[in-house]
*Asks:* 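Quick one: the structure is below, questions incoming.
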Amino acid sequence: MPIYEYRCPSCGFQKEHLQKMSDAPLSSCPSCGATGYAKLLSAAGFQLKGSGWYATDFKSGGTSAATPTSSTSSSSDASPTSGCGGGCACH
């Protein structure tokens, strides 16, 4: 259900209301009772929650995923056909 923002022109009261799209717009102010309570145009807000969204997946603080290996390390970690020395993400 969408959240609509309303403001009363008489007293300046402003509030967000959770309403169905099929509901009639509110017309009376809950604060002062005036009949000029009107919807405002506001930016739509949403929040991505759960795992799998880019906002949570890539917050690594700027560190790189691969760390370089020194040339003096043994190549026993590398597969016999790759010949890369284990410094890449191929295995």
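All residue numbers in this chain count up from 1 along the given sequence.
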*Asks:* In the structure I gave you, are the side-chain heavy atoms of Phe13 and Pro30 within less than 4.5 Å of one another anywhere?
*Replies:* yes
*Asks:* Identify the heavy atoms of Ser10 and Cys32 that sit nearest to each other, and give their distance.
*Replies:* CB-SG, 4.3 Å
*Asks:* Please assess Cys29 against Cys11 for the test side chain to side chain contact (heavy atoms under 4.5 Å, CB included), listing each intermediate value before the final yes or no.
*Replies:* CA-CA 9 Å; Cys29 175; Cys11 67; 3.8 Å; yes
*Asks:* Is the closest side-chain heavy-atom distance between Leu41 and Glu5 below 4.5 Å?
*Replies:* no
*Asks:* Could you list the donor-acceptor pairs under 3.5 angstrom formed between side-chain atoms of residues 15-26 and any protein atom two or more places apart in sequence or on another chain?
*Replies:*
from  : atom 1 : to    : atom 2 : distance (Å)
His17 : NE2    : Tyr37 : OH     : 2.8
Gln19 : OE1    : Tyr6  : OH     : 2.9
Gln19 : NE2    : Ala24 : O      : 3.4
Asp23 : OD2    : Lys20 : N      : 3.2

*Asks:* For Ser31 and Cys8, run side chain to side chain contact (heavy atoms under 4.5 Å, CB included): C-alpha distance rounded to whole Å, both residues' side-chain angles, the deciding distance at 0.1 Å, then the answer.
*Replies:* CA-CA 9 Å; Ser31 179; Cys8 177; over 6 Å; no
